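Structure, as structure tokens:
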Amino acid sequence: MSDVAIKLAKSAKRLKDIAIIVPGAFLTFAGYSIYEGNEKFYREYVMPFTHKFFDAETAHRLGVLAAKYNIVPRKQKTPDSPILSSVVFGREFSNPVGLAAGFDKDGEGVRGLTKIGFGFIEIGSVTPEPQPGNPKPRVFRLKEDKAVINRYGFNSEGHEAVYNRLKDRVTEQDNCLLGINLGKNKSSTDPISDYTQGVEKFSRLADYLVVNISSPNTPGLRDLQGKQKLQNLLDKVIERRDEMEVRKPLLVKIAPDLTDRDKEDIAAVVTSRKGYVNGLIISNTTVRRPPSLKNPSKTEEGGLSGPPVRDMSTKTIADMYRLTNGSIPIIGVGGVSSGQEAYKKIRSGASLVQLYTALVYEGPPVVKKIKRELEELLRRDGFKSISEAVGADVKL
Ligand SMILES: Cc1cc2nc3c(=O)[nH]c(=O)nc-3n(C[C@H](O)[C@H](O)[C@H](O)COP(=O)(O)O)c2cc1C
């Protein structure tokens, strides 16, 4: 073979090696970064890649399936710092960061989700009977706003299916508590019964139960937040809760769109008797559309979540903390994607926080980021525990 032919053959082999090594190295790096839960890699590559190829509902479904089949970053090696632990409504939380309702509506992904590092996860909303929810499309990403609008309308496999899926679960698995969020069927003529059935079905399984009366996508649901209706509903639901063999903490989830009068009424109802309602979840999505929104999907109907709801939710937390005199634990939710934002909600009166939309844009590593930053902020300000910081910014 001539010198030229030998050189050409060598170059071709080198190119072939490069063609194998470069993608191989990239795949190894990508696999390692996903396994390790690399924050930047998820935020800048994994989540944008997913958004490029899948619409919002398909991406959501893939996320639930990933959790179901345990395709999530490896579990953190060290236990949560004791500064992050607290006892709220009689339950011990290893850290205050929880998954908000709506991601795992049917309790399919509990196994994987507990590994992500949440202190608690809330499944649901679950309705008594299975129902399909609203027609698609019904979820929209507002990329420039890091927000989501959804009008799922309580698509749910129903009580029976969710119960059967979770009935053998050991509570307090992996230091992660389980909340079950209850909704009502669209066609129900007796909403009170929908919630009492939920209490009956899930009291044994759940670490806490939620009466969700604040989703904007079920006609008439939010009217249950009115004083008389709320009192009637809670009287019956709590009576049923108190008759159960195991009495689980019962929380009420409210909207960020309430008037001052609504808030006063809700505060009066939930504090009407000791041990009645054990907590408030503040807040659900908003039906408002702040002028700051940039993405054209802002005109879609439904509930808006993420940064645009953050301040509305934090203000509602502070208002309700003041109106209830700090006597009812609050779970703060709405636009939490950093330790700073979680800390603000805690200083405004939240004992725990939750997130959903941050997971859409940052993926599972956002949980460990929030915990790390929150721990730094608590230490910086000389707090020895979360509970010392709760309500620090609110004058009672
Ligand atoms: C796609 C989607 C579905 C949701 N479904 C429910 C639900 O079924 N029940 C509920 O109580 N909240 C539901 N929520 C509201 C969230 O639990 C949370 O209160 C709200 O999104 C604000 O938090 P975030 O800004 O961290 O997302 C849903 C939110 C989103 C984005």
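Numbers here simply count residues along the sequence, with the first being 1. The model shown is predicted, which means the values in this text are computed figures rather than measured ones.
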With salt bridge (charged side-chain N to carboxylate O under 4.0 Å, His left out) as the test, would you mind laying out the steps for R240 and D235 before giving the verdict?
CA-CA 9 Å; R240 197 71 202 97; D235 278 350; over 6 Å; no

Start with the C-alpha distance between K201 and E160, add both sets of side-chain angles, then the distance that settles salt bridge (charged side-chain N to carboxylate O under 4.0 Å, His left out), and finish with yes or no.
CA-CA 8 Å; K201 195 79 193 173; E160 198 56 35; 2.7 Å; yes

I'd like to know whether K248 forms a salt bridge (charged side-chain N to carboxylate O under 4.0 Å, His left out) with D207, so could you lay out the CA-CA distance, the side-chain angles of the two residues, the decisive distance to 0.1 Å, and finally the verdict.
CA-CA 6 Å; K248 290 294 164 70; D207 291 301; 5.4 Å; no

Using the rule given for salt bridge (charged side-chain N to carboxylate O under 4.0 Å, His left out), can you reason through R372 versus E39, listing the C-alpha separation, both sets of side-chain angles and the distance that settles it, and then say yes or no?
CA-CA 12 Å; R372 186 183 64 238; E39 287 160 30; 2.8 Å; yes

How far apart are the C-alpha atoms of N181 and K253, what are their side-chain angles, what is the distance that settles it, and do they pass the side-chain hydrogen bond (donor to acceptor under 3.5 Å, both in side chains) test?
CA-CA 9 Å; N181 180 307; K253 184 164 179 178; over 6 Å; no

Determine, stepwise, if the pair E122 / Q354 fulfils side-chain hydrogen bond (donor to acceptor under 3.5 Å, both in side chains).
CA-CA 9 Å; E122 189 174 309; Q354 288 177 324; 2.8 Å; yes

Show your working on side-chain hydrogen bond (donor to acceptor under 3.5 Å, both in side chains) between S193 and Q197 and close with a plain yes or no.
CA-CA 6 Å; S193 159; Q197 285 177 53; 3.0 Å; yes

Show your reasoning for whether side-chain hydrogen bond (donor to acceptor under 3.5 Å, both in side chains) applies to Q76 and K371.
CA-CA 12 Å; Q76 73 189 39; K371 292 195 290 187; 2.9 Å; yes

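Put simply, Y343 and V97 are part of the same group of oily side chains (I, L, V, M, F, W, Y) that touch within less than 4.5 Å, one to the next. No continuous path of hydrophobic side-chain contacts links Y152 to I149 [ILVMFWY only; heavy atoms under 4.5 Å]. Hydrophobic clustering, with ILVMFWY side chains joined whenever heavy atoms are under 4.5 angstrom apart, groups V390 together with I370. Each of V309 and L304 belongs to its own hydrophobic cluster when Ile, Leu, Val, Met, Phe, Trp and Tyr are linked at side-chain heavy-atom distances under 4.5 angstrom. The same ILVMFWY cluster, assembled from side-chain heavy atoms under 4.5 Å apart, contains both Y276 and L182.
Applying the ring pair (Phe, Tyr, Trp, His ring centres under 6.0 Å) definition to pairs two or more places apart or across chains, those involving residues 207-228 are F89-Y208.
Taking the six-membered ring for Trp and thresholds of 30 and 60 degrees, Y356 and F103 have ring planes more than 60 degrees apart, a perpendicular arrangement.
Hydrophobic clustering, defined by side-chain heavy atoms of Ile, Leu, Val, Met, Phe, Trp and Tyr closer than 4.5 Å, groups F53 together with F49, F54, L62.
Under the 3.5 Å distance criterion, the side-chain polar atoms of N212 are left unmatched by any main-chain donor or acceptor of G183. Side-chain atoms of S156 do not come within 3.5 Å of backbone N or O of P130 as any donor-acceptor pair. For the pair R43 (side chain) and Y361 (backbone), a donor-acceptor distance under 3.5 Å is absent. With R241 contributing its side chain and V199 its backbone, the two residues share no donor-acceptor pair below 3.5 Å. A distance-only check finds a donor-acceptor pair linking the side chain of T271 to the backbone of A267 [under 3.5 Å]. In this structure, the side chain of D55 engages the main chain of E57 through a donor-acceptor pair within 3.5 Å. For N325 (side chain) and S327 (main-chain N/O), no donor-acceptor pair under 3.5 Å exists by modelled atom type. Under a 3.5 Å cut-off, the side chain of E388 and the backbone N or O of K384 do form a donor-acceptor pair. K344 contributes no side-chain N or O that, together with a main-chain N or O of D311, makes up a donor-acceptor pair within less than 3.5 Å. A distance-only check finds a donor-acceptor pair linking the side chain of K345 to the backbone of R310 [under 3.5 Å].
The two atoms that bring D257 and M312 nearest to each other are OD1-SD, 4.3 Å, heavy atoms only. Nearest heavy atom pair, residue D104 against residue E108, reads OD1-N, 2.8 Å. L293 approaches D145 most closely through the heavy-atom pair CA-OD1, 3.4 Å. Here the closest non-hydrogen pair linking P249 and N278 is CA-OD1, 3.4 Å. Between S348 and V394, the shortest heavy-atom distance links the atoms O-CG2, 3.4 Å. Between K369 and S337, the shortest heavy-atom contact is NZ-O, 2.9 Å.
Checked for salt-bridge contact, D194 and K184 miss the test: no charged N lies under 4.0 Å from a carboxylate O. Using a 4.0 Å cut-off between a side-chain N of Lys or Arg and a carboxylate O of Asp or Glu, R165 and D106 do not qualify as a salt bridge. We find that K227 and E264 are not joined by a salt bridge, their nearest charged nitrogen and carboxylate oxygen being 4.0 Å or further apart. Using a cutoff of 4.0 Å between basic side-chain nitrogens and carboxylate oxygens, E157 and K105 are not scored as salt-bridged. Under a 4.0 Å N-O distance rule, the pair E239/K236 does not qualify as a salt bridge.
Atom NZ of K146 is surrounded by 12 or fewer heavy atoms from other residues, nucleotides or ligands within 6.0 Å. In F383, the CZ atom is crowded: over 12 heavy atoms of neighbouring residues, nucleotides or ligands sit closer than 6.0 Å. Applying the 6.0 Å contact sphere to NZ of K186 captures no more than 12 heavy atoms from other residues, nucleotides or ligands. Around atom CD of E200, more than 12 heavy atoms belonging to other residues, nucleotides or ligands sit under 6.0 Å away. Residue-environment remark: CZ (R74) exceeds the threshold of 12 foreign heavy atoms within 6.0 Å.
Note that CG of N38 and NZ of K40 are 8.5 Å apart. Values are rounded to the nearest 0.5 Å. If you take CG on L65 and CG on N70, they are separated by 13.0 Å, rounding to the nearest 0.5 Å. Expressed to the nearest 0.5 Å, how far CZ of R222 lies from CG of L224 amounts to 11.0 Å.
Residues E129 and N185 bring no donor and acceptor atom of their side chains to less than 3.5 Å of each other. Between the side chains of T316 and S283, no donor-acceptor pair of N or O atoms lies under 3.5 Å. In summary, the side chains of K143 and N295 do not present any donor paired with an acceptor at a separation below 3.5 Å, with no hydrogens or angles considered.
At least one side-chain heavy atom of S214 sits less than 4.5 Å from a side-chain heavy atom of Q225. Looking only at side-chain heavy atoms (C-beta outward), N155 and R138 come within less than 4.5 Å of each other. Within the 4.5 Å cutoff, the side chain of L234 has heavy atoms near those of the V252 side chain. Side-chain atoms of L99 and L113, non-hydrogen and from C-beta on, do get closer than 4.5 Å to each other. Side-chain atoms of L251 and L280, non-hydrogen and from C-beta on, never get closer than 4.5 Å to each other.
Paired with V210 under the rule side-chain contact (heavy atoms from CB on, under 4.5 Å), one option of I281, I123, I331 passes, and it is I281.
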Side-chain donor-acceptor contacts of residues 9-17 below 3.5 Å, not counting sequence neighbours, with atom names and distances?
unit_1, atom_1, unit_2, atom_2, d
S11, OG, K7, O, 3.0
K13, NZ, D17, OD2, 3.3

